[in-house]
Amino acid sequence: MDILVIGGGGREHAIVWALKKSPKAGKIYCAPGNAGIGQLAECVPIPVSEFDALTELAESKKVGLVVVGPDDPLADGIVDAFEAKGIPVFGPRKNAAEIEGSKIFMKDLLHKYHIPTATYRKFYTYEEAHTYLKEQPIPVVIKADGLAAGKGVTVAYSMEEAEKALSDIMVAKVFGEAGAQVVIEEFLAGQEMSILSFVDGETVRPMAAAQDHKPVFDGDKGPNTGGMGTYSPLPHIADSIIEEAIETIIKPTAKAMVAEGRPFRGVLFAGLMISPDGKPKTIEFNARFGDPETQVVLPRLKSDLLDIFLAAVNGTLDQVEIEWKDEAAVCVVLASGGYPGAYAKGIPIHGLDQADEAIVFHAGTGINEQGEWITNGGRVLGVVGLGRDIAAARDKAYEQAARITFEGKHNRTDIAAKALL
């Protein structure tokens, strides 16, 4: 069947790459896509926010399935728009995507159903939030309620930093209406872990666990980004802890969403913290594939991704067993100089053809009039190394990443180092 993937980043490149391997997949379209995705699919320059044009595209191409990548269109109801036209679509409806679209909704849901998470308070005015903040121990976590491209969360290690973050969100409105309300919550120490799951109502099929690296610099220093690299599996986190997270957090959350009349269908992404005593707690939920977690999870998938998507859409996910490869995957993100702040675009990229022993997913690339690869985003490329274990996969990723150059190129040098201690 022909397929339409919506989005244009590294995550969507990984999804298209995985779908392309299915013998059941026909032509793949991607809207808007990027230059790298264009090597595998036909890119159609329609923004992810233009639902009418996207549904018209799906109808005109007679696609058998639509897969939605990014968070904003999910929160705005893109799945509902496709369903209204009778077009099969993989992703949560608007009322289920609120688990990511509103931090307040998510925290209240977890509190109501006694699902482990950090203690928190929600605020609708700056004055009340500021008064409460002054009484909190440091470090403290401040979150804009709405979607902010993965950058609406500040872990503040001083009161000055906390006050600035709160003022930026609620007074300066750096995230617009996403910061009209905030959540202030306790800081959780420990190991972070991401578990993505295919979900259809109360049926949960977990994927291989992964770990992201959000801060821009080595040693988890500097401002948060959309993610500077990932790896999977997590050899330093016991299988029993991963299983506990699935049984005490992910499955109860799927069940709670059904109970609330918001059954979740799609990928439910749990961002978790493993405390020093080995207990998992919820940091966040996302309503879609993570980026760049997808870039290490899908290369480890042995089963046919299209079969899984169709089972979820058709309500038969409970009949599907999903298999994973033993080999490890490490993704190193190559970013533009200055990211996550201001950065230049249009800089020529060299050496892409030299990194032929890695899987290279394009996040922000283009092709200029001379036919050269150029930068076109903050996160430019995700270089994925595969190996028998994390050490081998990590060596491969960095060796291949070093072959790719562009002016201002920046990457962390400690991706997956925690797994090797």
Side-chain angles (χ1 to χ4, degrees), residues 8-21 33-41 207-208 210-213 218 225-235 289-302 305 324-336 339 347-367 372-420:
R11 163 186 48 218
E12 287 76 30
H13 193 178
I15 291 169
V16 168
W17 173 86
L19 286 171
K20 194 83 177 172
K21 296 195 292 184
N34 64 39
I37 294 172
Q39 309 292 298
L40 300 175
M207 302 186 212
Q211 189 175 75
D212 189 12
H213 300 65
D218 285 7
T225 67
M228 292 299 293
T230 41
Y231 62 100
S232 176
L234 310 181
F289 276 108
D291 187 345
E293 289 87 351
T294 308
Q295 288 89 308
V296 291
V297 171
L298 289 187
R300 299 191 61 217
L301 178 65
K302 189 185 289 186
L305 182 62
W324 299 92
K325 299 173 185 174
D326 291 332
E327 66 183 346
V330 174
C331 174
V332 176
V333 170
L334 308 185
S336 295
Y339 174 79
I347 297 171
I349 302 169
H350 305 288
L352 267 174
D353 56 338
Q354 302 298 310
D356 53 359
E357 293 177 38
I359 307 168
V360 181
F361 292 122
H362 292 234
T365 62
I367 297 176
E372 299 175 304
W373 290 102
I374 56 171
T375 65
N376 191 37
R379 292 186 295 174
V380 180
L381 298 160
V383 182
V384 179
L386 302 177
R388 65 185 179 279
D389 54 24
I390 290 293
R394 187 174 188 267
D395 287 347
K396 178 70 66 67
Y398 276 110
E399 173 197 307
Q400 299 294 303
R403 300 182 180 189
I404 302 170
T405 59
F406 53 88
E407 188 181 337
K409 170 187 146 182
H410 166 70
N411 61 267
R412 282 183 58 161
T413 65
D414 61 348
I415 302 303
K418 292 173 187 171
L420 303 176

### Message
Measuring from atom CG of D326 to atom CZ of R300, what distance do you get when rounded to the nearest 0.5 angstrom?
### Response
7.5 Å
#### Entry: Atom CD of E399: over 12 foreign heavy atoms under 6.0 Å
yes
### Message
Are K325 and L386 packed together at the side-chain level, in the sense that at least one heavy-atom pair is separated by less than 4.5 angstrom?
### Response
no
### Message
Is it the case that the side chain of T225 and the backbone of G227 share a donor-acceptor pair, with hydrogens and angles ignored and the cut-off at 3.5 Å?
### Response
yes
### Query
Hey, are the side chains of V383 and I404 touching, using non-hydrogen atoms and a 4.5 Å cut-off?
yes
### Message
Are M207 and S232 packed together at the side-chain level, in the sense that at least one heavy-atom pair is separated by less than 4.5 angstrom?
### Response
no
### Task
Give the minimum heavy-atom separation between D414 and H213, together with the two atoms involved.
O-NE2, 4.0 Å
#### Entry: Distance-minimising heavy-atom pair for A14 and L298
O-CD1, 3.7 Å
### Task
Taking all heavy atoms of I415 and all of C331, pick out the closest pair and write down the distance.
CG2-O, 3.6 Å
## Note on the structure
Smallest heavy-atom separation, D212 atom then E293 atom, equals CB-OE2, 3.2 Å
### Summary
When every non-hydrogen atom of I374 is compared with those of I367, the smallest separation belongs to CG1-N, 4.0 Å
#### Entry: Test item: V297 and F289 side chains (from C-beta on) under 4.5 Å apart, heavy atoms
no
Donor-acceptor contacts, no H, no angles, side chain residues 349-364, under 3.5 Å, sequence neighbours left out:
residue, atom, partner, partner atom, Å
H362, ND1, T365, OG1, 2.9

### Summary
Note: V330 and Y231 closest approach over all heavy atoms is CG2-CB, 3.9 Å
### Task
Name all residues meeting the side chain to side chain donor-acceptor pair (under 3.5 Å) criterion together with D218; count only those two or more places apart in sequence or in a different chain, and write none if there are none.
T413
### Query
Rounded to the nearest 0.5 Å, what separation is found between the CG atom of L234 and the CD1 atom of I390?
7.5 Å
### Query
So how far is it from W17 CH2 to Q39 CD, rounded to the nearest 0.5 Å?
16.0 Å
